[in-house]
Amino acid sequence: MVEQALSRKLAVILHADVVGSSALVQRHETLAHQRINETFQRFSSIIQAYGGSAQEIRGDALVAEFSRPSDAVCAALKFQQINTEHNARLEDGIAPEVRVGIALGEEVVADHTVTGSGVVLAQRVEQMSEPGGVYVTSAIHEAIPRRLPFNQESLGERKAKGFEEPIRVYRVELKEGEAVPEAEAGLLTDSRSELRRLTAVVAAVVLLGLGGATFWLKPWAPEEELASVARMAFPLPDKPSIAVLPFDNIGDDVEQSYFADGMTDDLITDLSKISGLFVIARNSSFAYRGKTAGIRQVAEDLGVRYLLKGSVRRSGARVRINAQLIDATTRGHVWADRFDGDIDHVFQLQDEVTRKIVAVMAVQLTASERAQVSSRGTDDAQAYDAFLRGWEHYLRQTPDDFARATSHFNKAIDLDPGYSRAYAALAATYWESWKRLWHETLGLVRWHDARSIAEKFLAKAQTNPPPLVHQVAAEIHAQSGQLDAAIVEAERAISLDPNDADSYVALAGALSLAGRTDQALQSVERAMRLNPHYPAFYLYQLGLARFGMGQLEEAAAALEKATALNPDDRWSLRLLLATYGLLGRADDAKKTYDLIEESGKRRLRQHLDPLTIRSSTFWYPFKKREDRERFSEGLRRAGVPD
């Protein structure tokens, strides 16, 4: 047998893939395979007409080679136009949609198999595209003659798996009212002129290629493994489980990232309100922002079957949302769609995305859930935009960001005086500032003023209260020793949003102080399951529940983790001190005592937080006498004075 020689050359590579092919096959296997095959046959004919060569067709993907970027782009746009028209005539829903990526790079052909860094780059760009779209690299963008009737929109620099340097990507669309140039029109440019244009950008492409050099001379990158239920960190819930990953901001304005994050937040919130779904909390979903973790890893880390990915493009008053729902256990695209509208109708766009997801997952909504999902708190798009800007700062959880957040929330209220969500966010900001002694950053001289202002805003948010209102109310009631009222408020928050992890944490705190520690432990464990990448205050609540149950070693372990994550967490430090005292760990108690004292001297101008047994009953208003006595005894043994 004669081994074929290795062929290597620089070429324009087109990579195309059918979106959601697994879902099509599941609907009707024979017909789906037939339609996909027919789709690629049409595409191959168009590629040939524009001087290209379909080098490899594998199942639901196609690789083609061209000598000129303009031919590749014309062929792709011509195909997408014909395929859209063809699919519109199909009434059975088995309509293959294709996305296309085009790149310039090295192509390696051996034994009739096409590989090389250029092929991998084209595949990565294709994976960024929306259904029916054509995306290209900057090298292709630079080489396309400007006389051609194309709009080329820069989507900014994107991270691509296997490439160290980010890749600048462009969306190519036909200008309105124009026709795709026929093959002859595409050949008007002299080949030598086009070659000179290509040569001018080769250096830039090679630099990009160096980032992906690990792919050179290697076989086609293997498909990512399926997520394994057996490997998942948590058992799959008995209902459809989903994580909404941060939507990409693909506009030219990087400052619009707050808008993409806000859209993601709202989708998580909308889906969380549905009792028939299990929805991972924002904190854990956003832990994967900018990371290279694949579908399998994210699903196994979080213990979910479905992942929702997407992008948001905002240009002036126009908004475009691309979304795709992926089943990690089959690697199939269950659903993908694009939604276009203007900023004044952004709520309708969000509702449409949510409805599509719910329909695909075959989840039945109750009447109250339908009303809650569509409730936005405002009809004013500008007020909503101001709220999103403030919420971005609030989530950063720093004193300076809290000050910036209040400015945006107040602007939202100026635009819509009835915006309860903005009032709730102000209440949360001032309440957290009271808890953390950040009042001065908000321009307040007296510490207790932060709490008074939080309660004022809480009262104004009662018109149409979101879950956040009840969470803050639960914490204020608990701190005041009104534990029954605190439990009621936390349960109201959960009834409005059964997947909101923070509501379960608020409930756990009230239950622990009320002496119902078994229930508190269940509640905080539920929160941790919904939010696997949980913050430090979840560990504080876990430690509080364990402390109340008399499980002191376990309580100390949880509180040590909490203080390691947040060394300024005085709530965890005080409780850890009492726990060390009861355990007889004198050296650890002494270090913790000194740490609290030093922190007080460094941060406080007034004696707001004296570390005495008498004052500590204010911070921890246990309902049961035995709990109060256990806590006080722990502080005594740790050396805290009466």
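Reckoned from all heavy atoms, side chains included, excluding hydrogens, waters and symmetry mates. Quick note: residue numbers are just sequence positions, from 1.
- Within the model, atoms CD of Glu392 and OG of Ser257 stand 5.0 Å from one another, a figure rounded to the nearest 0.5 Å.
- The minimum heavy-atom distance between Ile46 and Ala75, with the atom names listed, is CG2-O, 3.6 Å.
- Phe163 is listed as a side-chain neighbour of Arg124, based on a closest heavy-atom distance under 4.5 Å.
- Panel note: side chain Ser53, backbone Glu65; no donor-acceptor pair is recorded below 3.5 Å.
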What's the verdict on side-chain contact (heavy atoms from CB on, under 4.5 Å) for Asp385 and Val346, showing C-alpha distance, side-chain angles and the deciding distance?
CA-CA 10 Å; Asp385 189 77; Val346 66; over 6 Å; no
Check step by step if side-chain hydrogen bond (donor to acceptor under 3.5 Å, both in side chains) holds for Asp301 and Tyr288.
CA-CA 11 Å; Asp301 286 352; Tyr288 296 93; 3.0 Å; yes
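- The residues Arg296 and Glu300 are annotated as salt-bridged, a charged nitrogen and a carboxylate oxygen being separated by less than 4.0 angstrom.
- Contact check for Val100 versus Asp17: no side-chain heavy atoms found under the 4.5 Å cut-off.
- Note on ring orientation: taking the six-membered ring where Trp is involved, the planes of His408 and His393 are parallel (angle under 30°, cut-offs 30° and 60°).
- Formation of a donor-acceptor pair under 3.5 Å by the His28 side chain with backbone atoms of Leu31 is found in this model.
- Figure legend: Arg171 and Tyr135 shown without cation-pi pairing, the cationic atom not lying both under 6.0 angstrom from the six-membered ring centre and within 45 degrees of its axis.
- Under 4.0 Å is where a charged nitrogen must lie from a carboxylate oxygen, and between Arg289 and Asp248 no such pair does.
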Might you work through the salt bridge (Lys or Arg N to Asp or Glu O under 4.0 Å) test for Asp71 and Lys78, ending with a clear yes or no?
CA-CA 10 Å; Asp71 295 335; Lys78 187 72 170 180; over 6 Å; no
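- Without hydrogens or angle criteria, Asn531 side chain to Ala501 main chain gives no donor-acceptor distance under 3.5 Å.
- Glu97 contributes atom CD, which lies 10.5 Å from atom CD of Glu130 (distance to the nearest 0.5 angstrom).
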Would you sort out whether Tyr50 and Cys74 count as a side-chain contact (heavy atoms from CB on, under 4.5 Å), showing the intermediate values?
CA-CA 8 Å; Tyr50 280 90; Cys74 284; 3.4 Å; yes
Please assess Lys356 against Val353 for the test side-chain contact (heavy atoms from CB on, under 4.5 Å), listing each intermediate value before the final yes or no.
CA-CA 5 Å; Lys356 289 285 184 71; Val353 175; 5.9 Å; no
Please step through side-chain hydrogen bond (donor to acceptor under 3.5 Å, both in side chains) for the pair Gln34 and Glu38, ending with a clear verdict.
CA-CA 6 Å; Gln34 176 186 334; Glu38 292 171 352; 3.1 Å; yes
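- For the side-chain contact (heavy atoms from CB on, under 4.5 Å) with Leu121, the lone residue among Ile102, Ile13, Thr137, Leu104 that qualifies is Thr137.
- Considering all non-hydrogen atoms of both residues, Pro532 and Leu302 come closest at CG-CD2, 4.0 Å.
- Side-chain atoms of Ser45 come within 3.5 Å of backbone N or O of Gln41 as a donor-acceptor pair.
- Cation-pi contact between Arg282 and Phe286: present, with separation from the ring centre below 6.0 Å and deviation from the ring axis of at most 45°.
- Between the side chain of Ser70 and the main chain of Ile144, no donor-acceptor pair closer than 3.5 Å is present.
- Side-chain atoms of Arg404 do not come within 3.5 Å of backbone N or O of Gly390 as any donor-acceptor pair.
- Between the CG atom of Leu307 and the CG atom of Leu325 there is a distance of 8.5 Å, given to the nearest 0.5 Å.
- In plain terms, the two heavy atoms of Asp344 and Ala381 that are nearest each other are OD1-CB, 3.8 Å.
- At least one donor-acceptor pair under 3.5 Å links the side chain of Thr84 to the backbone N or O of Gln80.
- Nearest heavy atoms, Ala54 versus Ile47: N-CG2, 4.1 Å.
- Proximity of Thr329 to Leu226: side-chain heavy atoms (C-beta onward) are nowhere separated by under 4.5 Å.
- Within the model, atoms CG of Asn322 and CZ of Arg99 stand 10.5 Å from one another, a figure rounded to the nearest 0.5 Å.
- For the pair Ser129/Val134, no side-chain contact is recorded, criterion being any heavy-atom separation below 4.5 Å from C-beta on.
- Looking at heavy atoms from C-beta onward, Ile321 lies in side-chain contact with Phe247 at the 4.5 angstrom threshold.
- To the nearest 0.5 angstrom, Arg314 atom CZ is 10.0 Å from Met263 atom CE.
- The aromatic rings of His141 and Tyr170 sit parallel to each other, their planes meeting at less than 30°, with 60° as the upper class boundary.
- For the side-chain contact (heavy atoms from CB on, under 4.5 Å) criterion with Ile242, the lone passing option out of Val304, Ile268, Leu271 is Leu271.
- Aromatic ring orientation, Phe43 versus Phe79: parallel (interplanar angle below 30°, classes split at 30° and 60°).
- Judged purely by atom type and a 3.5 angstrom limit, Arg35 uses its side chain to pair as donor or acceptor with the backbone of Ile94.
- Nearest heavy atom pair, residue Pro181 against residue Leu148, reads CG-CD2, 4.0 Å.
- For Gln397, the CD atom counts as densely surrounded, since its 6.0 Å shell holds more than 12 non-hydrogen atoms of other residues, nucleotides or ligands.
- Judged by distance alone, the side chains of Asn83 and His86 never bring a donor and an acceptor atom under 3.5 Å apart.
- Val25 has its side chain within reach of His33: a pair of non-hydrogen atoms, C-beta onward, lies under 4.5 Å apart.
- To the nearest 0.5 Å, atom CG of residue Asp401 and atom CG of residue Leu395 are 9.5 Å apart.
- Exactly one residue among Arg318, Arg320, Arg313 makes a side-chain hydrogen bond (donor to acceptor under 3.5 Å, both in side chains) with Asp340. That residue is Arg320.
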Verify side-chain contact (heavy atoms from CB on, under 4.5 Å) between Ser21 and Ile36, making sure each step is shown before the conclusion.
CA-CA 8 Å; Ser21 57; Ile36 291 171; 4.1 Å; yes
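- Between Gln123 and Lys161, every side-chain heavy-atom pair lies at or beyond the 4.5 Å cut-off.
- When side chains are defined from C-beta on, Ile140 counts as touching Val12, because their heavy atoms get closer than 4.5 Å.
- Looking at Ser44, its side chain does come within 3.5 Å of a backbone N or O of Phe40 through a donor-acceptor pair.
- The two residues Ala16 and Val98 have their closest heavy-atom pair at CB-CG1, 3.8 Å.
- The backbone N or O of Ile82 lies less than 3.5 Å from no partner atom in the side chain of Arg42, so there is not a single donor-acceptor pair.
- In this model, a donor atom of one side chain and an acceptor atom of the other lie less than 3.5 Å apart for Asp502 and Tyr538.
- Side-chain N/O atoms of Gln81 and Glu85 include no donor and acceptor closer than 3.5 Å.
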